[in-house]
Amino acid sequence: MSNTVLKTSRRNFVAHKGRMALSAVAVLLSVAFVCGTLVFTDTMNTTFDKLFAVTNSDVTVSPKSAESGEETPDRGKPEMLAGSVVEQVKKAEGVKSAEGGVVSMAVTVVNAKNENMGSTTGAPTIAGNWSDNELKSMKITSGQAPRGPTEVMVDADTAKKHGLALGDELRTIAITGDIRARITGIAAFTVTNPGAAVVYFDTATAQKSLLGSPDSFTHVNVTAKDGVSDEQLKANIGRAVGADAYKLQTAKEAADANRKDVGAFLNVMKYVMLGFAGIAFLVGIFLIFNTFSMLVAQRTREIGLMRAIGADSGQVLKSVVVEAFLLGVVGSVLGVGAGVGLAVGLMALMGQMGMHLSTDDLTVAWTTPVVGIVLGVIVTVVSAFVPARRAGKVSPMAALRESGSPGDKKAGRIRAVLGLVLTGIGAASLYLAGAAEKASAGSLWLGLGVVLTLIGFIVIGPLLAAGVVRVLSGVVLRPFGSVGRLAERNALRNPRRTGATAAALMIGLALVACLSVVGSSMVASATEELDKSVGADYIVASESGQPVLPQAEQALRATAGLDHVTAYRQLEVRLTAPDGTTEETDLGATDPTYAKDIRRKMTVGEHAAAYGDGSMSVGSLYATKHAIKLGDEMTVAFTGGKTVKLKVAAITSDEGNLDKGMKYISTETARANVPADRMPLPFMMLATAKDGQSDAAAYKSVKAAMGEYPQYVVRNQADYKQALKDQVGQLLNMVYGLLGLAIIVAVLGVVNTLALSVVERTREIGLMRAIGLSRRQLRRMIRLESVVIALFGALLGLGLGMGWGATAQQLLALEGLKVLEIPWPTIIGVFAASAFVGLFAALVPAFRAGRMNVLNAIASE
């Protein structure tokens, strides 16, 4: 009998292939997003692995102070070691060659027009010396290597992107001053360059101009003699120079360390994208559930006859499940192929943005198609199981009648009660989240509330449809007269189906509304805090995290029309409170004028007192936690500097969100306790115009002063607010784009529901046409039905999302973001757009319904 079940399933699948198509597309899109994400991130891993594998020498010797493996651009220079180390390393047993290397990322490279030649994707700008080790990953494609202080070589990708050629002048801005040199060579990466901009100088110029020390290097590249392993060479070098005196890494260890850093970022990106793919899968569940529910309902007579001739309920169940399995396999296989295409598209997009990924490195692990197909099949079969189970319960008598089963009403009542309970518990969880006194506890309640209210609304959807659709119909459909009333009745005919169709759209729009509320509230809160707290007129900082170089600081301080300029540094310290508690923390070192530039609310004392000799301030939360009072002494161990005791002269309030929790000392106190070569550069400068000075004139002067340094952005308060708004907007747009997949799948669900509904009502449509309903009226009826379903889903989603967003804002208020702002233009725009989504979704079903032959439709069973 199993062969019969399989044949029947295959026949039904082929017979209804048109009705299955949109469900297959939903599976395809969801699987494609998962597989595309996996292929894209695997390809990026492969690209970086190849780069790290060829760029590292057999053993690398670095300063011990660079133990973290990262440069310290906050001081404008990398960690250095003495040039004599190279000679020491050469004497170690098993060394074939050793050469000193210079690498600095605390630089900015500009062209003759003063335009920044750095990457726009966040990749670093790297300056270094051209050495034999570079030949492992680079080859000179035109010109020659630099041979003096006026010559520089640039990588081919940067040259192509910015239109650079041999003979062009580049200015490299470093802490030691500007390096002006002409391009004498262009070198291409032999492996994929992920987007960094690279310039090379000869060794002497790199030492003098990048490090400010003619006899220092940042590392030593060591090559082993034949037959000597990297591990053995590392041990030999350790004995020669002192294993504890320097950081020694084999090629594998260096590659693993680099891979770990990059892998952490790639994993975050991968899991975020997979999260959105999961949302698309969730929406697809409703589409597949609706498809099989309607197919089962339409085949009630057929299934009843099967039962009458001997098929048992298990065989009918298996038949429908097999159909779902076939749908899952077809959609998933196509989705795997589409996923590879999506990954290639993402790589091309990244190439447009400046991160170059080669299709030669395209990586499709065997696990990727397996995961995609298994996930797609499981989701499809699970989605179809309830309709399949319902099909198995069809009795032989159903061949003679087509009414719903007696258990439908009972099941509906149980569903309503369950939905109300879940929604009630979810609402209570959201209330507890909003009332929480700690963000950590509140976030758990928020997560629970979001999940339960979402499930509750999905379960209670049919009950809500009966009331909400009537209200919407009174506003949207009634003006269309009898056609509008017919559309309303069609939407209400099967509340369960309407609820499930609307739920698919509801999920995506709920997330859109929630994030819109959170984003708008963040911007409004930060803007209000800026208005209250920031007294400075201008803010100067680098968007890429570059510190403010001394020459740029001097240019700003020399600007006419300014009352004062404040430098803001951050130092790493080990802080010990009077109660003996010790922690690693940041300490803000600023000029005393910072107390004027930032109007910090005080709990005890005056902010200006923190800038006295041997004084500091702490935040109120820290002070409360450790029972600190005015006059208490703190033990401060400066990284790379002295350990001293400082008196608490002020306690700042942590009610606001600007610099919350930061502890302050004066720049002079920092200089007295930190050696000059360990003193960090400012990461931000604040400037205030003189009283009576025209804001426009002062602003223009500040911009002119910083014109030679394009790595820094000058903003007044209005600019800063707009930049904050733009940053949040860009983030939200990216999230909306990822949510767009779920919304596309939801639209397919509306299309599929209407298409199957038209097939289900073929005879009814024929009868309406026979008694005078025109084709135009028929098409309008179906479009209006689609619009009201879409608006129903939008109303539920936007309402739910605004509730989530408002609760999330209450938690953010604990962190200082106290303004709740509902972005009504966005909410209203999304609601209106939902009506157009409904119209679009109904185009094909309405067109097909209008083309029906009246007599054939009446004669259909």
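Because the structure is predicted, anything quoted here is derived from the model rather than measured.
- Between Ser834 and Leu791, the shortest heavy-atom contact is CB-CD2, 4.3 Å.
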| Does the pair Met684 and Leu686 meet the rule for a side-chain contact (heavy atoms from CB on, under 4.5 Å), with working shown? | CA-CA 7 Å; Met684 179 173 67; Leu686 302 169; 4.3 Å; yes

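- For Arg599 against Asp531, the heavy-atom pair with the smallest separation is NH2-O, 3.2 Å.
- Between atom CG of residue Leu452 and atom CZ of residue Phe457 there is a gap of 12.5 Å, rounded to the nearest 0.5 Å.
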| query | Checking side-chain contact (heavy atoms from CB on, under 4.5 Å) for the pair Ile507/Leu454: CA distance, chi angles, key distance, verdict? | reply | CA-CA 8 Å; Ile507 295 169; Leu454 178 61; 3.9 Å; yes

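- Side-chain contact between Asn490 and Leu784 is absent, with no heavy-atom pair separated by less than 4.5 Å.
- For the atom pair CZ of Arg485 and OG of Ser473, the computed distance is 11.5 Å after rounding to the nearest 0.5 Å.
- For the residue pair Gly797 and Ala513, the shortest heavy atom distance occurs at O-CB, 4.4 Å.
- Around the NZ atom of Lys721, the shell of radius 6.0 Å holds more than 12 heavy atoms that belong to other residues, nucleotides or ligands.
- No side-chain donor-acceptor contact under 3.5 Å links Ser429 to the backbone of Leu448.
- Between Ile743 and Leu509, the closest side-chain pair of non-hydrogen atoms falls below 4.5 Å.
- Salt bridge Glu488/Arg478: present, at least one basic N to carboxylate O contact under 4.0 Å.
- Within the model, atoms CD of Gln546 and CG of Asn116 stand 9.0 Å from one another, a figure rounded to the nearest 0.5 Å.
- Rounding to the nearest 0.5 Å places CZ of Arg779 at 8.0 Å from CZ of Phe847.
- Counting only heavy atoms from C-beta outward, the side chains of Ser521 and Val819 never approach each other to under 4.5 Å.
- In this structure, Gly588 and Tyr568 approach most closely via the heavy-atom pair CA-CE2, 4.1 Å.
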Could you tabulate the donor-acceptor pairs under 3.5 Å formed by side-chain atoms of residues 27-36, not counting sequence neighbours?
unit_1	atom_1	unit_2	atom_2	d
Ser30	OG	Ala26	O	3.0

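- A heavy-atom distance below 4.5 Å is not found between the side chains of Ile285 and Val382.
- Under the 4.5 Å side-chain criterion, counting only non-hydrogen atoms from C-beta, Leu430 is in contact with Leu446.
- The pair Glu543-Arg715 counts as a salt bridge, with a side-chain nitrogen and a carboxylate oxygen less than 4.0 angstrom apart.
- In this model, a donor atom of one side chain and an acceptor atom of the other lie less than 3.5 Å apart for Trp804 and Thr453.
- In Tyr720, the OH atom is not crowded: 12 or fewer heavy atoms of neighbouring residues, nucleotides or ligands sit closer than 6.0 Å.
- A side-chain donor-acceptor contact under 3.5 Å links Asp726 and Gln722.
- With values rounded to the nearest 0.5 angstrom, Leu444 atom CG is found 12.0 Å from Leu432 atom CG.
- Closest heavy-atom contact between Ser653 and Arg600: O-NH2, 2.9 Å.
- Applying the 6.0 Å contact sphere to CZ of Phe831 captures more than 12 heavy atoms from other residues, nucleotides or ligands.
- Looking only at atom types and distance, the side chain of Tyr736 has a donor-acceptor partner in the side chain of Ser516 under 3.5 Å away.
- Interatomic distance, Arg470 CZ to Leu477 CG, rounded to the nearest 0.5 Å: 12.5 Å.
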